[in-house]
Number of protein chains: 4
Amino acid sequence: MGVVKTKRMPRAVREQQMLDAAVRIFGQRGYMAASMDDIAELAGVSKPLVYLYLNSKDDLFSAVIRREAAALTEAVREAVRLDQPADRRLWDGLLAFFTHTAQHPDAWSVLHLHARTHGERFAAEVTEMRRDIVTFVTRLVAVAAREAHGNPALADEEVAGLAEALVGAAESLATWANATEGVTARQTAATLMNFAWSGLGNLMSGNRWTPSTARP
Amino acid sequence: MGVVKTKRMPRAVREQQMLDAAVRIFGQRGYMAASMDDIAELAGVSKPLVYLYLNSKDDLFSAVIRREAAALTEAVREAVRLDQPADRRLWDGLLAFFTHTAQHPDAWSVLHLHARTHGERFAAEVTEMRRDIVTFVTRLVAVAAREAHGNPALADEEVAGLAEALVGAAESLATWANATEGVTARQTAATLMNFAWSGLGNLMSGNRWTPSTARP
Amino acid sequence: MGVVKTKRMPRAVREQQMLDAAVRIFGQRGYMAASMDDIAELAGVSKPLVYLYLNSKDDLFSAVIRREAAALTEAVREAVRLDQPADRRLWDGLLAFFTHTAQHPDAWSVLHLHARTHGERFAAEVTEMRRDIVTFVTRLVAVAAREAHGNPALADEEVAGLAEALVGAAESLATWANATEGVTARQTAATLMNFAWSGLGNLMSGNRWTPSTARP
Amino acid sequence: MGVVKTKRMPRAVREQQMLDAAVRIFGQRGYMAASMDDIAELAGVSKPLVYLYLNSKDDLFSAVIRREAAALTEAVREAVRLDQPADRRLWDGLLAFFTHTAQHPDAWSVLHLHARTHGERFAAEVTEMRRDIVTFVTRLVAVAAREAHGNPALADEEVAGLAEALVGAAESLATWANATEGVTARQTAATLMNFAWSGLGNLMSGNRWTPSTARP
DNA sequence: TATGAATGAGCGTTCATTCAT
DNA sequence: TATGAATGAACGCTCATTCAT
């Protein structure tokens with residue numbers, strides 16, 4: 001089990017092996033339940049080496065978060081082509097997102113569940129990544145408003161709220177998809193895209209629901 | 001700090017105090033990081049008494065989940081009046097949901113974050129509650145399709161997917177609202193209702209987006 | 001399970017119920033592993049009552065030892081008739097002993113295993129009983145020497161050693177018999193009587209083995 | 001008190017130190033009353049190291065039993081010379097047995113008292129050793145019957161019963177000798193040998209006692 | 001570059017015992 | 001006569017972390 005025990009690797013390689021092991025253990029057990037012993041064993045090295053390279057459990061967790069957050073944003077960014085219309089860009093982004101989270105469930109577990117569950121410091125690190133993505137989606141939505149519906153009059157706060165809801169829904173769906181057998185990334189992306197695009201479209205046309213329209 | 005130390009309470013009262021303390025500690029620290037010592041201290045009793053009444057950390061966590069899940073579903077159920085039209089019922093439900101989660105952030109933390117993160121047994125207990133709510137929303141959406149749009153032709157699976165997305169979005173938003181200063185339950189409910197109702201409306205009219213409509 | 005819960009018994013009766021329960025629990029689990037909770041529950045009373053009547057775990061254990069030691073010596077004493085010849089008295093004593101230990105295995109467990117295993121105080125209490133029995137047997141052996149073999153010349157220390165060996169063998173056999181299926185008290189008594197009487201007889205005739213008789 | 005604190009020993013050495021300490025603590029207090037803290041302190045190491053090497057209290061106890069059982073059987077086996085006549089072999093075995101139990105009273109306490117008192121698993125481990133010895137003695141008795149008395153006609157079951165009684169008496173005497181001041185191993189062995197050899201001799205000559213021979 | 005040896009501190013759990021009624 | 005409520009003290013065990021090489 002774990003990495004085959006190989007001696008005398010260069011530091012950079014060893015570090016990646018340790019991070020790989022850490023992602024798996026943290027992702028499956030959470031921060032507190034993960035033990036440095038297990039991580040070291042899975043990485044195929046002795047515990048002192050882990051401390052030598054990664055300093056402490058906190059720092060190790062932090063390094064995992066940063067590496068995986070970067071990988072996820074990178075995957076989404078690479079998938080989106082700027083010469084495409086807004087709806088296509090949204091679709092490509094969603095598909096890349098769900099594909100990545102499906103291929104790296106432990107990493108997604110760390111980012112979405114465990115990092116936000118254990119202490120301000122780690123939550124902050126994820127929040128940063130999240131802000132990147134929300135900003136990206138926000139722009140997309142704003143552009144989409146003009147491009148697809150010719151209606152620039154969506155208030156900024158409203159755009160922010162919508163982006164937040166969209167991202168939140170995506171996060172929820174990613175976790176749900178990983179926990180559910182037989183759901184492909186494509187299907188998940190389609191479900192959300194369909195829902196979102198329709199909602200947006202309707203909003204753009206000024207067709208909205210408010211409590212006051214309900215009969216008391 | 002914590003509850004004022006009061007001696008010789010009847011068992012039922014003490015148990016509730018313990019559960020109150022447990023909700024706070026579990027909600028803020030998670031299952032693993034919560035210590036029975038801290039819970040006992042916050043409850044104003046000695047640790048052995050906690051064990052005498054609640055048996056074990058697992059059982060205590062389980063009791064917390066069951067109590068808070070019941071409270072949340074009850075809050076939503078009470079808010080919804082059957083003699084109202086579907087849209088109004090959805091709105092009332094959402095408002096009650098976000099109000100409750102805002103007023104009991106630790107309880108929501110336990111239910112949404114920690115219970116699902118720590119072990120099958122607890123996840124199962126939350127899943128049960130969730131199924132109740134998803135079923136409730138599913139019916140609402142189906143009824144809404146007929147009532148508001150005169151279009152009964154929404155496929156069952158599609159309804160289920162929509163309900164899942166809706167509930168997932170609601171859960172995400174609840175957590176986000178609790179973590180964000182100055183967001184009221186009413187605002188959160190409005191954002192989601194607006195988004196959802198518009199999306200649904202559009203879907204009912206057969207207006208949907210699929211990847212194939214995008215230019216390759 | 002345990003004693004049927006009956007309220008308001010006279011003290012003497014309650015005490016016996018508690019001692020009964022204590023014998024079972026102590027006998028089956030040993031002093032340390034026995035819990036006052038279990039004893040109180042088996043006795044059908046609340047824990048404070050046990051403390052009210054028996055003071056402490058130590059005192060309870062002590063009371064058990066004294067009661068059971070008295071019962072055992074009494075059983076042996078009653079079986080032996082002074083108007084019988086020595087060999088018959090030995091036989092009757094052995095039979096009574098093995099019968100009693102077989103009928104009260106938990107009591108025997110307490111006396112032979114647990115009391116001598118846990119602390120000077122309790123060991124001393126058993127030792128007292130043991131001394132009674134050893135003295136009794138010693139006299140028997142001395143008398144037997146005269147009666148059956150007409151040889152009074154067995155040294156006192158030798159008689160003591162033999163009695164010790166005889167009692168030790170009896171104790172060992174009692175425990176062994178209780179742990180072995182299908183062995184009756186009568187059989188056990190016969191085995192030992194046979195062995196002992198033969199050995200004694202031979203000794204009386206001056207037929208003994210010493211290391212010096214062995215070839216170096 | 002305890003072993004002088006020496007740092008950085010190889011594992012094998014430390015393990016023996018821990019077992020030494022465990023024998024003393026278990027032997028003097030019994031399994032339940034022995035605390036891992038005390039054992040660690042007596043061994044001159046911290047508690048985690050004991051767990052690192054010996055896994056658990058149960059495993060530690062088990063290791064102690066196995067080591068001491070092996071040592072005892074080895075001591076007896078080494079003392080017995082096959083080129084000696086049966087009576088001499090029995091004497092040598094007894095002497096070695098009582099010498100070893102006198103020199104390692106705590107070990108004997110563990111084997112005879114505590115291991116058989118605490119749980120099936122440990123009892124089984126001792127029973128195995130005991131069976132070895134009983135078998136050894138059984139053969140000796142059978143051979144002795146032929147060699148010394150020219151009477152091969154002792155029934156198998158009878159031989160087994162005698163061996164059991166002999167071993168039981170030896171065990172009892174070992175414990176008694178350790179608890180009694182001023183008794184040497186040689187004296188103890190002589191007492192038993194004398195008793196046993198005489199008894200055997202008499203039995204071989206067909207001279208036995210049965211209840212029916214007693215006057216009613 | 002790499003590790004065997006070692007520990008301080010804490011956690012979940014239990015138990016004998018007492019208080020107030 | 002009898003008990004529900006409550007706790008101080010310990011115990012088995014684990015873990016993040018360091019030292020010496």
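Order of the sequence lines fixes the chain letters, A, B, ..., with proteins taken first and strands second; residue numbering starts at 1 for each chain.
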Nucleotide of dT17(E), dA6(E), dC15(F) approaching Ser35(A) most closely (side-chain heavy atoms):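 Selected nucleotide (nearest to the side chain): dC15(F).
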Candidates dT17(E), dA2(E), dG12(F) - which lies nearest the side chain of Met36(C): dT17(E)
Which is more 5' along DNA chain E, the nucleotide nearest Asp58(B) or the one nearest Ser56(C)? Just name the residue. Asp58(B)
For Tyr51(C) and for Arg11(D), find the nucleotide of DNA chain E with the closest heavy atom, then tell me which residue's nucleotide is more 5'.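 With Tyr51(C) and Arg11(D) compared, the 5'-side residue is Arg11(D).
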Which is true for Ala33(B) with a 4.0 Å heavy-atom rule: it touches a base, it touches only sugar-phosphate, or it touches nothing?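 No contact.
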Contact class for Ala34(C) (heavy atom, under 4.0 Å): base, sugar-phosphate, or nothing?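 Sugar-phosphate contact only - Ala34(C) comes under 4.0 Å of backbone atoms but never of a base.
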Arg14(C) side-chain N/O to dA2(F) phosphate OP1/OP2 under 4.0 Å: yes
Is the distance from OP1 or OP2 of dA2(E) to the nearest side-chain N or O of Tyr53(A) less than 4.0 Å?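 For dA2(E), OP1 or OP2 has a side-chain N or O of Tyr53(A) closer than 4.0 Å.
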Taking atom [atom2] of [N] as reference, at what distance in whole Å does atom [atom1] of [X] sit?
X: Phe61(A); N: dT17(F); atom1: CZ; atom2: P; value: 14 Å
X: Glu41(C); N: dT3(F); atom1: CD; atom2: P; value: 13 Å
X: Lys57(B); N: dT14(E); atom1: NZ; atom2: C1'; value: 17 Å
X: Leu54(D); N: dT14(F); atom1: CG; atom2: C1'; value: 16 Å
X: Leu49(B); N: dT14(E); atom1: CG; atom2: P; value: 14 Å
X: Phe26(B); N: dC11(E); atom1: CZ; atom2: P; value: 13 Å
X: Arg8(B); N: dT3(F); atom1: CZ; atom2: P; value: 16 Å
X: Tyr31(C); N: dC15(E); atom1: OH; atom2: C1'; value: 11 Å

Minimum heavy-atom distance Phe26(D)-His114(D), with the two atoms named: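 In this case the closest contact between Phe26(D) and His114(D) is O-CD2, 3.3 Å.
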Give me the atom names and distance for the closest heavy-atom approach of Ala107(B) to Glu68(B). CB-OE1, 3.4 Å
By nearest heavy atom, map Leu52(C) and Asp38(D) onto DNA chain F; which one lands nearer the 5' end?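 The residue whose closest nucleotide sits nearer the 5' end is Leu52(C).
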Contact nearer the 5' end of DNA chain F, comparing Asp37(D) with Pro48(B):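 Nearest-nucleotide comparison on DNA chain F picks Pro48(B).
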Counting only Watson-Crick or G-U wobble pairs whose two distances fall under 3.5 Å, which nucleotide matches dG10(E)? dC13(F)
dT21(F) - base-pair partner by Watson-Crick or wobble geometry, distances under 3.5 Å: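 Its partner is dA2(E) (Watson-Crick or G-U wobble, both distances under 3.5 Å).
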Salt bridge Asp59(A)-Arg121(A), side-chain N to carboxylate O under 4.0 Å: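 So Asp59(A) pairs with Arg121(A) through a salt bridge.
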Salt-bridged, Asp20(C) to Arg67(C), with N to O below 4.0 Å?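 Looking at Arg67(C) together with Asp20(C), the answer is yes, because their closest N to O distance falls below 4.0 Å.
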When you measure only distances, ignoring hydrogens and angles, does the side chain of Lys47(B) come within 3.5 Å of the base of dT13(E) through a donor and an acceptor? yes
Under 3.5 Å, side chain of His112(B) to main-chain N/O of Thr175(B), donor-acceptor pair present?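 Side chain of His112(B) to backbone of Thr175(B): no pair is present.
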Student check: side-chain heavy atoms of Ile65(A) and Leu111(A) closer than 4.5 Å: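 Yes, side chains in contact.
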